[in-house]
Number of protein chains: 2
Amino acid sequence: MTIKEVAAQLGVSPSTISRALAHPEMLRAETRVRVLETVERLGYQPNLIARDLRRQETRLLYVVVPTLSPFFLDVFRGVERGARETGYAVVMGHTERDVAREQLFVDQVASRRGDGVILVTSSDPTALKVRTKRMPPVVAALEEIKGLHAPAVRVDHHKGAMDATNHLLALGHRLVAHIGGPEKQVIAQHRREGFNETMLQAGLDPTAFPYLSGDYAVAWGERAMETLLTCNPLPTGVFAGNDEIAIGAIRAMSRVGLQVGRDISVIGFDDQRIASLYEPALTTIKVPTEELGYRAILLLVDKLRGNTAEVDIVLPTSLIIRATTGMPRG
Amino acid sequence: MTIKEVAAQLGVSPSTISRALAHPEMLRAETRVRVLETVERLGYQPNLIARDLRRQETRLLYVVVPTLSPFFLDVFRGVERGARETGYAVVMGHTERDVAREQLFVDQVASRRGDGVILVTSSDPTALKVRTKRMPPVVAALEEIKGLHAPAVRVDHHKGAMDATNHLLALGHRLVAHIGGPEKQVIAQHRREGFNETMLQAGLDPTAFPYLSGDYAVAWGERAMETLLTCNPLPTGVFAGNDEIAIGAIRAMSRVGLQVGRDISVIGFDDQRIASLYEPALTTIKVPTEELGYRAILLLVDKLRGNTAEVDIVLPTSLIIRATTGMPRG
DNA sequence: TTGAAAGCGATACCAT
DNA sequence: ATGGTATCGCTTTCAA
């Protein structure tokens, strides 16, 4: 069913059909009604591909996330909210932290299937073919992309990590360990640096416990905590690189009869949904995920509208005190 | 940068460029190398919109999920695996259980922005404009769509609910209550029916406790359990409509000092990731989510290849016994 | 092996 | 207010 067939049915020209749909005010009321009725009756839907080609825009935006964790979904939620407000449709692709797949989605947009793309934490940003390939309009969320001059909306992981560490120190902890996320990931690095810096400022040795760097999974948290539990003295406070690691650490503790918040305090990062659901509820650093996505898409739409400013928004984190941190024993 | 410009640069025709990219074997080796080098150097990427229009296919598939819960993401994961195997790209849209938004994505595909779409649990399937609007190739996942003759790959919720209830009965429970999900949702209905039927078969009254129907959130589980805790006698076993409800129920119990698995047994449904992470780990019914998505996309691709068989695949669930169910006290 | 040209379906400019 | 038509960028048939 094409626009021509509808036009033929009505004995009008394709232009009239097109106008009835896009600029109804241009038609005589009678014509408009007649056309729209027929369109409805025939169930005609314009071929968007043809329209996109002609208009040179799709009003479709892509969001690319590294994993399907609840964390990124929250970001996506914010993006969708902004998309609705600005009249864009948005679809999501996920890369499983595989640069090739990330490139695939970027290429989809570069090849005009979308008007722009939000990259939420490029896995290994430097691997993106920003030089050889044409880049579509991009906004980076959560982390800037090196070598790419794209607006970014980020979170101050460094500051968040300092807040987390300071919370532990303020409670009186002196034996504090850090369980880090993926070593190569910029975010994980910032968090570690925040920890190191705070410890140093307090005159404490950030390397008093083994260097622990893994991924962002519960299993890693468990293994890392097992390592810490072989230390003498034991740490009294643990700053986990994210909530999942924190949960893993707590699990490892309870297996040997240690109680979190009393024997050892644990603080996470992100404030994922599970953080408040877990028993006991996790003390953590809240990352404004939804807001992040929302800001990112507004930035993108702004860019598409011709605004070329090099923006770099940094959103604040906040400390959420729940039940897994307390004063050190004795 | 269009194909013409590249062609002009090289002094060949656009056809040659097109062939170098799509059917390299048709070109003389020398020409091919020359073209591909230039393409690479200029960073030329074909306009997919134009290609799609000409080829009348996109090799892009849509997946539409109602919410961004981990449950549906698992389904999406399966879809992606199948897509990679069959050479399709996949994007995801989510509807927040809003039919209008579901329609929007279906329309995207009907309007040729994609070749087909997988609908994971249409919110209110009957509301989809299957009559007035042209429907693109559709496969239903998790739940069939009434009024739409689409292949479906589903899960036997009824049987799963019977297994859940029977597990409780086999442990010796006689005072068993059900906390249901959204009343209007087909899935929730099937689960309740499975519960009712099993109770009846065992000579027990499925309506001995208040009729509880809400949504699939933790908060609802808490409220529902608070209601149950006002009953006399208390239930000794609770079959929750999904894992989140189960967690809510357990939280309500612990607030009044009741221990799950000992004072009251609770079984969930879905086996979401949180089920094994929770403390204590949830006894539940596993839904093969990833498999569901995988089967769905294979079905869709099959359909796109011209196979018109009316398939209806039903996947089995399985009982996962963990720590929240035990024998009734005394 | 390569080139010329038609055509995919819609839109928007230029006429009338 | 409506119609005719060029055009978007690519693919593919037909011809050479």
Side-chain angles (χ1 to χ4, degrees), chain A residues 1-39 42-60 107-115 133-134 136, chain B residues 1-39 42-60 107-115 133-134 136:
Chain A
M1 169 73 46
T2 73
I3 201 170
K4 274 190 190 167
E5 302 179 67
V6 181
Q9 282 261 342
L10 276 159
V12 299
S13 83
S15 319
T16 304
I17 312 293
S18 175
R19 280 191 275 254
L21 266 19
H23 314 283
E25 74 286 354
M26 291 179 72
L27 297 189
R28 220 176 48 207
E30 190 220 340
T31 326
R32 182 180 29 206
V33 178
R34 210 159 56 93
V35 170
L36 292 179
E37 259 173 9
T38 310
V39 162
L42 299 178
Y44 165 72
Q45 291 175 267
N47 182 321
L48 290 184
I49 291 292
R51 172 186 291 173
D52 295 343
L53 178 58
R54 175 63 226 230
R55 287 209 183 139
Q56 301 283 68
E57 74 160 359
T58 60
R59 296 200 76 79
L60 181 66
D107 287 348
Q108 294 272 328
V109 180
S111 308
R112 305 316 178 90
R113 282 222 179 122
D115 293 346
K133 300 238 192 176
R134 226 179 45 72
Chain B
M1 171 74 45
T2 74
I3 200 170
K4 272 191 190 166
E5 302 180 69
V6 180
Q9 281 262 341
L10 276 159
V12 299
S13 82
S15 323
T16 303
I17 312 293
S18 174
R19 279 192 276 253
L21 264 21
H23 315 282
E25 73 286 356
M26 291 179 71
L27 297 189
R28 218 177 48 206
E30 191 220 339
T31 325
R32 181 181 17 191
V33 178
R34 209 159 58 94
V35 170
L36 292 180
E37 258 173 11
T38 309
V39 162
L42 299 179
Y44 166 70
Q45 290 174 269
N47 182 321
L48 289 183
I49 292 292
R51 171 186 291 173
D52 294 342
L53 178 59
R54 173 64 222 235
R55 288 213 182 133
Q56 301 283 72
E57 72 160 4
T58 61
R59 295 201 77 78
L60 180 66
D107 288 348
Q108 294 273 328
V109 181
S111 307
R112 305 315 178 90
R113 280 221 180 126
D115 292 346
K133 298 242 193 173
R134 226 180 45 73

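Residue numbering restarts at 1 for every chain, and letters A, B, ... go by the order of the sequence lines.
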- Task: Find out whether B:Ile3 and B:Tyr44 are in side-chain contact, i.e. whether some heavy atom of one side chain is under 4.5 Å from a heavy atom of the other.
- Result: yes
- Message: Could you tell me the boundaries of the chain A footprint on DNA chain C, defined by atoms under 4.0 Å from its heavy atoms?
- Response: C:dG9 to C:dC13
- Task: Report yes if the side chains of B:Asn47 and B:Thr2 come closer than 4.5 Å at any heavy-atom pair, otherwise no.
- Result: no
- Query: Between atom NZ in A:Lys4 and atom C1' in D:dG4, what is the gap in whole Å?
  - Reply: 12 Å
- Task: Report the distance from atom CG of B:Leu48 to atom P of D:dC10, rounded to the nearest whole Å.
- Result: 9 Å
- Taking the side chain as every heavy atom from C-beta outward, state whether B:Arg112 and B:Asp52 have any atom pair closer than 4.5 Å. no
- Interatomic distance, A:Thr31 atom OG1 to A:Leu36 atom CG [nearest 0.5 angstrom]: 10.5 Å
- Task: To the nearest Å, give me how far apart CE (A:Met26) and P (D:dT2) are.
- Result: 10 Å
- Separation between CG of B:Leu48 and OG1 of A:Thr58, rounded to the nearest 0.5 Å: 11.5 Å
- OP1 or OP2 of D:dG9 less than 4.0 angstrom from a side-chain nitrogen or oxygen of A:Gln56, does that happen here? yes
- Query: Do A:Ile17 and A:Leu10 come close enough that some side-chain heavy atom pair is under 4.5 Å?
  - Reply: yes
- Query: Between D:dG4 atom P and A:Ile3 atom CD1, what is the distance in whole Å?
  - Reply: 14 Å
- Gap between atoms CD1 and P, on A:Ile49 and D:dT7 respectively (whole Å): 22 Å
- Message: Assuming nearest nucleotide by heavy-atom distance, tell me which of A:Arg55 and B:Arg55 is located more 5' along DNA chain C.
- Response: B:Arg55
- Hey, does the side chain of B:Arg51 come within less than 4.0 Å of D:dT11's phosphate (OP1/OP2), counting only N and O? yes
- Does the pair B:Arg55/B:Glu57 count as a salt bridge with the N-to-O cut at 4.0 Å? no
- Query: Are any of the side-chain heavy atoms of A:Val12 and A:Arg34 separated by less than 4.5 Å?
  - Reply: yes
- Message: Counting the atoms with a prime plus P, OP1 and OP2 as sugar-phosphate, which does B:Leu27 contact under 4.0 Å by heavy atoms, base, sugar-phosphate, or nothing?
- Response: sugar-phosphate
- Query: Given axes from five pairs at either end, by how many degrees does the helix from C:dT1-D:dA16 to C:dT16-D:dA1 bend, rounded to 10°?
  - Reply: 40°
- Separation of D:dT12 P from B:Leu53 CG (nearest whole Å): 12 Å
- Message: Testing the basics here: between B:Ala7 and B:Ser13, what is the closest heavy-atom pair and its distance to 0.1 Å?
- Response: CB-C, 3.7 Å
- Query: Should we count CD of A:Glu25 as having more than 12 external heavy atoms under 6.0 Å?
  - Reply: yes
- Query: Got a donor-acceptor contact below 3.5 angstrom from the A:Ser18 side chain to the A:Pro14 backbone?
  - Reply: no
- Message: For DNA chain C, which residues of residues 5-23 of chain A approach it to below 4.0 angstrom with any heavy atom?
- Response: A:Ser15, A:Ser18, A:Arg19, A:His23
